Amino acid sequence: MSSFVLRYFPAHSRAETIKAILSYTETDYKYETPEWPQQKCEQPAGKLPVLVEILPDSSEYVLSDSLAIESYLVDKFKLSVTGDSQIIARQLEIRYQIKDMFEACTLYRYSPPEARQMFLDYFLSSAKDFVKYHEKLLAENGSNGHYFGNNITYVDLAAYATYRAIEAQLSDATPQALANFSKENAPLMNKVFETVSAEPRLASYLATFN
């Protein structure tokens with residue numbers, strides 16, 4: 001059986017969904033935080049996150065880029081939705097939109113003071129459109145706390161983990177920043193968050209926020 005090493009910064013950011021997948025699948029892994037920038041040259045393309053899989057024969061498979069790592073783990077642990085090409089494309093659409101939402105968050109989080117209001121407005125507008133569309137998708141699946149079917153799949157984990165990352169990134173921001181994701185404005189998305197967070201196998205992941 002393989003074991004894994006996940007390398008990333010000591011932050012709730014682009015590796016959240018990877019950590020959630022590893023926790024949900026009860027996968028043995030070690031979390032490493034490389035010295036930066038001293039160890040940048042040791043990482044593929046000089047970037048994090050990086051996943052190292054130590055195979056049973058002691059050889060290593062090294063993979064970088066958060067979405068590439070997610071795709072590999074989702075395939076390995078059978079977390080993808082099953083269905084025709086349209087269903088698979090919908091899953092990708094949802095995941096890419098979740099990623100875009102996080103990118104809008106980081107633009108605001110790290111914007112210079114003179115551009116802060118502009119990027120807050122962009123984040124709020126993006127969040128409003130995101131929530132409207134995703135509430136529709138969740139309603140079409142029966143408002144049951146899942147994007148697809150009746151079980152936790154890849155995008156359920158990604159939605160929850162990314163929201164927790166956004167919360168962490170905006171912990172010192174104006175309360176207005178997260179208003180679009182409130183239970184009042186996003187009841188079905190919050191049902192996904194509640195469903196995922198109640199999963200016992202995610203206990204080790206949830207503990208990282210304590």
Side-chain angles (χ1 to χ4, degrees), residues 4 6-27 29-33 48-51 65-67 69-71 73-74 77 79 91 94-110 119-120 123-124 126-131 133-135 137-138 144-148 151-210:
F4 295 84
L6 176 60
R7 300 178 191 150
Y8 195 61
F9 303 108
H12 295 293
S13 188
R14 288 180 172 82
E16 290 309 294
T17 299
I18 300 167
K19 290 188 284 185
I21 290 170
L22 291 169
S23 178
Y24 180 70
T25 56
E26 300 180 297
T27 300
Y29 82 99
K30 179 181 178 182
Y31 192 73
E32 292 184 350
T33 55
L48 296 175
V50 168
L51 183 76
D65 186 89
S66 57
L67 289 183
I69 295 169
E70 289 176 24
S71 180
L73 293 175
V74 165
F77 296 117
L79 292 175
Q91 175 179 253
I94 293 167
R95 182 61 188 104
Y96 292 157
Q97 288 178 355
I98 291 169
K99 178 179 181 290
D100 289 346
M101 198 65 256
F102 182 76
E103 297 298 337
C105 163
T106 58
L107 282 174
Y108 166 61
R109 175 69 175 82
Y110 297 104
F119 283 112
L120 174 60
F123 175 74
L124 291 174
S126 298
K128 183 177 181 180
D129 291 339
F130 175 89
V131 166
Y133 183 56
H134 284 243
E135 288 287 299
L137 292 176
L138 291 164
N144 64 353
H146 301 288
Y147 276 96
F148 298 101
N151 299 301
I152 290 176
T153 61
Y154 171 36
V155 288
D156 295 332
L157 293 169
Y160 176 71
T162 303
Y163 177 70
R164 293 303 303 266
I166 289 173
E167 273 191 324
Q169 292 285 326
L170 301 183
S171 60
D172 59 351
T174 170
Q176 177 191 12
L178 292 172
N180 285 296
F181 294 99
S182 68
K183 287 187 177 182
E184 179 181 1
N185 292 322
L188 300 184
M189 289 205 70
N190 276 271
K191 191 168 185 178
V192 173
F193 303 158
E194 291 164 4
T195 299
V196 173
S197 64
E199 168 55 53
R201 285 179 288 175
L202 282 169
S204 63
Y205 171 66
L206 297 175
T208 66
F209 290 93
N210 296 334

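Nothing here was measured: the structure is a model prediction, and the numbers come from that model.
Of the inter-residue distances, the one linking Thr162 atom OG1 with Leu157 atom CG reads 10.0 Å to the nearest 0.5 angstrom. Between the OG atom of Ser171 and the CZ atom of Arg109 there is a distance of 6.5 Å, given to the nearest 0.5 Å. Distance check: Tyr96 OH to Glu103 CD gives 13.5 Å after rounding to the nearest 0.5 Å. Annotation: the span from Phe123 atom CZ to Lys128 atom NZ amounts to 14.5 Å, rounded to 0.5 Å. To the nearest 0.5 angstrom, Phe148 atom CZ is 4.0 Å from Ile94 atom CD1. With rounding to the nearest 0.5 Å, the separation of CZ in Phe119 from SG in Cys105 is 12.5 Å.
Side-chain N or O atoms of Ser182 include one that pairs as donor or acceptor with a backbone N or O of Ala179 at under 3.5 Å. No donor-acceptor pair closer than 3.5 Å links the side chain of Asn190 to the backbone N or O of Pro187. Judged by distance alone, the side chain of His134 and the main-chain N or O of Ile98 form no donor-acceptor pair under 3.5 Å. Thr195 contributes a side-chain N or O that, together with a main-chain N or O of Lys191, makes up a donor-acceptor pair within less than 3.5 Å. Formation of a donor-acceptor pair under 3.5 Å by the Ser23 side chain with backbone atoms of Lys19 is not found in this model.
Side-chain contact between Asp156 and Tyr160: absent, with no pair of heavy atoms (C-beta onward) separated by less than 4.5 Å. Between Tyr163 and Leu178 the shortest side-chain heavy-atom distance falls below 4.5 Å. You'll find the side chain of Leu170 reaches within 4.5 Å of the side chain of Tyr108, heavy atoms only. Considering only heavy atoms from C-beta on, Leu73 stays 4.5 Å or farther from Thr25 through its side chain. Residues Phe181 and Met101 form a side-chain contact, since some pair of their non-hydrogen atoms from C-beta on lies under 4.5 Å apart. Using a 4.5 Å cut-off on side-chain heavy atoms (C-beta onward), Leu6 and Pro49 make contact. Contact of the Tyr147 side chain with the Leu138 side chain is registered, since non-hydrogen atoms from C-beta on lie closer than 4.5 Å. Side chains of Leu202 and Val196 form a contact here, defined as non-hydrogen atoms less than 4.5 Å apart.
For the salt bridge (Lys or Arg N to Asp or Glu O under 4.0 Å) condition, the pairs that include at least one residue of residues 175-184, sequence neighbours left out, are Lys183-Glu194.
When every heavy atom of Val50 is checked against every heavy atom of Leu48, the shortest pair comes out as CG2-CD2, 4.0 Å. Taking both residues in full, the closest heavy atoms of Ile69 and Leu51 are given as CD1-N, 3.6 Å, listed atom of the first, atom of the second, then distance. Across every non-hydrogen atom of Thr17 and Ala158, the tightest pair is OG1-CA, 3.5 Å. Between Glu199 and Ile152 the shortest heavy-atom distance is CB-CD1, 4.0 Å. When all heavy atoms of Thr106 and Arg14 are compared, the pair lying nearest together is OG1-NH2, 4.1 Å.
Checked against side-chain contact (heavy atoms from CB on, under 4.5 Å), Ser13 has the following partners two or more places apart in sequence or in another chain: Tyr8, Phe102, Gln169.
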For this session: Evaluate the side chain to side chain donor-acceptor pair (under 3.5 Å) criterion for residues Glu70 and Tyr154: first the C-alpha distance (whole Å), next the side-chain angles of each, then the deciding distance (0.1 Å), finally the verdict.
Result: CA-CA 9 Å; Glu70 289 176 24; Tyr154 171 36; 2.5 Å; yes
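Counted within 6.0 Å of CG on Asp172, heavy atoms from surrounding residues, nucleotides or ligands total more than 12; the atom is thus considered enclosed. Summarising the local packing, OH of Tyr31 is surrounded by more than 12 heavy atoms from other residues, nucleotides or ligands at distances under 6.0 Å.
Side chain to side chain, Tyr205 and Glu16 meet the donor-acceptor criterion of an N or O pair below 3.5 Å.
A salt bridge is defined here as a Lys NZ or Arg NE, NH1 or NH2 lying under 4.0 Å from an Asp or Glu carboxylate O, and Glu26 with Arg201 fails to meet this definition.
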